[in-house]
Protein chains: 2
Amino acid sequence: MGATKTDHFTDKQNDLSVLLKALAHPARIAIIEYLIKTEGCICGDIVNELPLAQPTISQHLKELRSAGLIQGNIEGTAICYCIDEKTWTRLQKTLNQLFEKIENKKSCC
Amino acid sequence: MGATKTDHFTDKQNDLSVLLKALAHPARIAIIEYLIKTEGCICGDIVNELPLAQPTISQHLKELRSAGLIQGNIEGTAICYCIDEKTWTRLQKTLNQLFEKIENKKSCC
DNA sequence: TTTATATATTGCAATATTACGATAAATATA
DNA sequence: TATATTTATCGTAATATTGCAATATATAAA
């Protein structure tokens with residue numbers, strides 16, 4: 001035990017949970033906000049910006065990337081990370097469907 | 001180590017991460033979808049609906065509730081769980097701000 | 001080629017999450 | 001009061017996450 005039982009849920013439910021999990025950490029939210037804020041998505045600055053050690057940031061970037069929320073391009077010694085819009089569009093659509101259903105349903109409690 | 005360093009992030013970042021974390025599990029997404037789908041948010045049926053044991057469901061319900069995503073009202077021996085719309089509105093607003101910023105920014109990679 | 005810089009990986013310790021059996025608590029009904 | 005039903009809690013095992021020091025890797029510049 002201890003591992004999530006993904007087998008029993010739909011692909012859509014699992015896909016959404018993977019995206020949300022990738023975002024569900026303040027450091028990763030801060031990274032996304034930083035990538036939005038900065039012009040040109042210069043990257044290694046994230047380490048200077050956030051109060052975490054370089055390996056920790058690297059790990060968070062890896063998680064964001066493997067979920068498809070960001071992309072990384074090599075630029076010399078540096079790496080340019082930026083938002084991967086396709087995935088964000090998918091996330092937005094899925095969540096908006098959920099939000100809409102909730103709005104249209106009057107709660108009973 | 002092992003614990004998230006919430007101190008170093010803003011209240012907004014921490015608040016969002018708590019809400020996303022509560023949703024970031026396929027079973028909890030399935031619970032929310034079930035509560036949306038069913039008329040009158042009858043509750044204990046969730047245990048019959050999902051492929052998880054009763055204590056596990058109870059634990060997931062507790063997490064959803066402590067994040068404020070659902071509410072529980074006692075109805076005889078049963079408990080009526082349903083969506084807590086206030087929190088969902090807050091989540092929707094915060095995420096839409098993020099989505100909007102991402103749409104308006106052209107990615108560089 | 002050597003050195004400096006930027007990022008990733010490894011290894012590990014601390015903590016959190018997931019899941020469930022056993023059991024407790026609370027209430028309705030007989 | 002005794003019994004059945006519903007939900008919560010406890011205890012525990014398995015696994016995942018978080019964070020960092022040490023180190024590796026890769027590329028640019030000297």
Side-chain angles (χ1 to χ4, degrees), chain A residues 1-9 13-14 17-31 34-35 40-67 70-82 109, chain B residues 1-9 13-14 17-31 34-35 40-67 70-82 109:
Chain A
M1 299 141 213
T4 297
K5 285 188 154 185
T6 54
D7 308 9
H8 301 304
F9 301 99
Q13 288 166 340
N14 285 317
S17 75
V18 165
L19 293 181
L20 293 176
K21 202 166 157 190
L23 252 190
H25 190 289
R28 294 195 288 271
I29 291 172
I31 288 173
Y34 184 76
L35 290 182
C41 72
I42 308 107
C43 47
D45 316 307
I46 298 167
V47 175
N48 300 321
E49 192 77 5
L50 298 192
L52 293 169
Q54 180 268 323
T56 308
I57 302 280
S58 185
Q59 199 173 280
H60 284 306
L61 287 168
K62 193 179 176 183
E63 281 176 67
L64 286 168
R65 193 171 50 168
S66 76
I70 64 174
Q71 257 182 321
N73 277 48
I74 298 173
E75 289 201 357
T77 50
I79 291 185
C80 171
Y81 277 109
C82 63
C109 306
Chain B
M1 301 139 211
T4 297
K5 284 187 151 185
T6 54
D7 308 9
H8 302 303
F9 300 100
Q13 288 165 341
N14 285 317
S17 75
V18 165
L19 293 181
L20 293 177
K21 202 166 157 189
L23 252 190
H25 190 289
R28 294 195 288 270
I29 291 171
I31 289 173
Y34 183 77
L35 290 181
C41 70
I42 309 108
C43 48
D45 317 306
I46 298 167
V47 175
N48 299 321
E49 192 77 5
L50 297 191
L52 292 169
Q54 181 268 322
T56 307
I57 302 279
S58 186
Q59 200 173 277
H60 284 306
L61 287 168
K62 193 179 176 185
E63 282 177 65
L64 286 169
R65 193 172 51 169
S66 78
I70 64 174
Q71 258 182 321
N73 277 47
I74 298 173
E75 289 202 355
T77 51
I79 291 184
C80 172
Y81 277 110
C82 62
C109 307

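To find a chain, count down the sequence lines: A is the first, B the second, and so on, and within it residues start at 1.
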Without placing hydrogens or testing angles, list every side-chain donor-acceptor pair under 3.5 Å for residues 52-63 of chain A, not counting sequence neighbours.
from, atom 1, to, atom 2, distance (Å)
A:H60, ND1, A:R28, NH1, 2.8
A:E63, OE1, A:R28, NH1, 3.2

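Within the structure, salt bridge (Lys or Arg N to Asp or Glu O under 4.0 Å) contacts touching residues 71-80 of chain B (residues at least two apart or in different chains) do not occur. Legend: salt bridge (Lys or Arg N to Asp or Glu O under 4.0 Å) pairs involving residues 43-57 of chain B, not counting sequence neighbours, sorted by first then second residue: B:K37-B:E49.
Following rounding to the nearest Å, B:I57 (CD1) and D:dT9 (P) show an atom-to-atom distance of 15 Å. Rounded to whole Å, the distance from CD1 on B:I74 to P on C:dA25 is 16 Å. Going from atom CD1 of B:I46 over to atom P of D:dT6 covers 14 Å, rounded to whole Å. With rounding to whole Å, A:H8 atom NE2 is found 15 Å from C:dT18 atom P. Following rounding to the nearest Å, B:E63 (CD) and C:dT17 (P) show an atom-to-atom distance of 7 Å. C:dA16 atom C1' lies 12 Å from atom CZ of B:R28, rounded to whole Å. Residue A:L61 contributes atom CG, which lies 13 Å from atom P of D:dT18 at whole-angstrom precision. Distance, B:E75 CD to D:dA8 P: 13 Å, rounded to whole Å.
Residue B:H60 places no side-chain N or O under 4.0 Å from the OP1 or OP2 atom of C:dT17. Taking side-chain N and O atoms only, A:K21 has no distance below 4.0 Å to OP1 or OP2 of D:dA16. One finds a side-chain N or O of B:T56 lying less than 4.0 angstrom from the OP1 or OP2 phosphate oxygen of C:dC20.
Counting only distance, with no hydrogens or angles, the side chain of B:N14 and the backbone of B:T6 share a donor-acceptor pair below 3.5 Å.
Side-chain proximity of B:A3 to the nucleotides C:dA16, D:dA16, C:dG21 is greatest for C:dA16.
When heavy atoms are screened at a 4.0 angstrom cut-off, B:L52 is found touching the sugar-phosphate backbone but no base atom. Counting non-hydrogen atoms under 4.0 angstrom, B:Q59 reaches a base of the nucleic acid.
Closest approach of A:T4 and B:P26 over heavy atoms only: CG2-CG, 3.7 Å. Taking each heavy atom of A:A67 and A:A22 in turn, the nearest pair found is CB-CB, 3.5 Å.
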Between protein and nucleic acid, restricted to nucleotides 4-7 of chain C and to nitrogen or oxygen atoms under 3.5 Å apart, what atom pairs and distances do you find?
from, atom 1, to, atom 2, distance (Å)
C:dT7, OP1, A:G44, N, 3.4
C:dT7, OP1, A:I79, N, 3.1

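Residues B:K62 and A:H25 each lie close to DNA chain D; by heavy-atom proximity, the contact nearer the 5' end of the strand is made by B:K62. If you find the closest nucleotide of DNA chain C to B:A53 and to A:P55, the one lying nearer the 5' end belongs to A:P55.
Applying the side chain to side chain contact (heavy atoms under 4.5 Å, CB included) criterion to A:T77, with sequence neighbours excluded, gives no partner residue.
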